[in-house]
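What follows is a short report on a single structure.
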Amino acid sequence: MNKPLLGALVGGILGVFDGLTALVSAPETAPQIVGIIIGSTIKGLIVGVLVGWYASRVHSLAKGMIVGLIVAAFFALLIAALPSPDGTHYYWEIILPGSIVGLIVGYATQKFGTAKVRAV
Amino acid sequence: MTTWLSNTVVDHLRVVATWPELPGDRYVIERPIGRGGMGTVYVARDTLLERDVAIKVSNAPVAGSGLDERLRQEAQVLARLEHPGIVPVHDAGQLADGRMFYVMKLVHGETLSAHTKRLLGEAAILGVFERVTETIAFAHEAGVIHRDLKPSNVMVGRFGEVLVLDWGVAKAIEEEAAASATRVGTPGFMPPEQARGEATSTSDVFALGALLFWMLTDAMPPPARDDALRVLNAAARPPRRLAAIVLKCLASEPSDRYSNAAALAADLARYRAGQPVAAHRETTLERIGLWFIKYRTFILLVAAYLVMRAMFAFVR
């Protein structure tokens, strides 16, 4: 499996899981859970593809994880910037776990998956 | 007019007079660097290519003796085994008196005996040892057994290359199986069956095990398994799986060892990758430990994520 596809798969699965955890960490968001899961999954897919694309070009576990962290934190910030219906922002609840998801995707795409071999 | 030569000059001339007389003027012997039972190795200058080479000359008292034949066989084995871990042969021929010689690359480096003293840690030792194992595995695949592996027959070059030397008693595997019981090898590095003149590829595996034991402990392996394990644990405290690999090589029954050097190399690679090895049956706890070590970063990240999520759930 190539790295962008692997990144999308890992990011998507973690995105679904990350969205579902909102039921535990913020039960009052239950009415919006479908939207949260869809948003979180799309975020995971985008982060996964970007981080996987980076991993197919740069082979460094540390750099891959840092890029995963930054990209995931950025997209988590975009989502956190959208307020819930009651106007509350969940910055830390979204950005911190989301960043760790980015680290995991960075790690997975550096360790596993096949990078394209470019002809010289 | 009388010219007197100093004693030093006379002594030097005496020594030089014992050096072999090479045919032609291409190679000029400069100095001897080693003497074994079969031949003497000299540093020589290749005047055609303007480089230093090593020349091994048969110690046979007369041309055409068994030593000459063995030197010829060694040159042929070396020429056949083209591998980065084996010194390449450039040329071969006969001296003016009919004895055999061959010319090979001059390796600048040190023997394994000297090099191992500077190796720090298990990973560095295994790095060098794996190169020896790979070379022997290549020879086994080509149908050749070395029969005399020991620290003085392994050299580490100045670029870190690991070379297995002295293939003088090496034999083709089928030839050895049909051969008469000839006792060759070095005590301590030679398995019981080789001492009886019945060497096979598993005999090289025993020698590799003895070599690894020596690299880890700086001692020769005792014949009894329990004694070997005790010395190994006292001197090196290797992980159980590595100790099991060494002891499997050193088994007195050839059928209990790895079948050849490639099987040993594969098990060592599994050990270094943190995977289960053939020499040791892991307990469930050990398997979990190995799995945890292998995926520790991933497990820690997932744990960090779950802890953070739990923290947000409880702090609210």
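Letters A, B, ... mirror the listed sequences (proteins, then strands); counts begin at 1.
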Over 12 non-hydrogen atoms of neighbours within 6.0 angstrom of CZ in B:Phe298 = no
Between the CD atom in A:Glu93 and the CE atom in B:Met311, the distance rounded to the nearest 0.5 Å is 9.0 Å
Heavy-atom side-chain contact between A:Asp18 and B:Tyr305 under 4.5 Å = yes
Tell me, with the steps shown, if A:Thr21 and B:Phe312 meet side chain to side chain contact (heavy atoms under 4.5 Å, CB included).
-> CA-CA 10 Å; A:Thr21 57; B:Phe312 281 124; over 6 Å; no
Are more than 12 heavy atoms from other residues, nucleotides or ligands located less than 6.0 Å from atom NZ of A:Lys63?
-> no
For B:Arg51, look at atom CZ and say whether over 12 heavy atoms of other residues, nucleotides or ligands are found less than 6.0 Å away.
-> yes
Heavy atoms of other groups near B:Gln275 CD, more than 12 under 6.0 Å = yes
d(A:Ile104 CD1, B:Thr297 OG1) to nearest 0.5 Å is 11.5 Å
Should the heavy atoms of other residues, nucleotides or ligands under 6.0 Å from CZ of B:Arg272 be counted, would the total exceed 12?
-> yes
Side chains of B:Arg309 and A:Val24 in contact at under 4.5 Å (non-hydrogen atoms) = no
How long is the gap from CZ on A:Phe17 to CG on B:Leu306, to the nearest 0.5 Å?
-> 5.5 Å
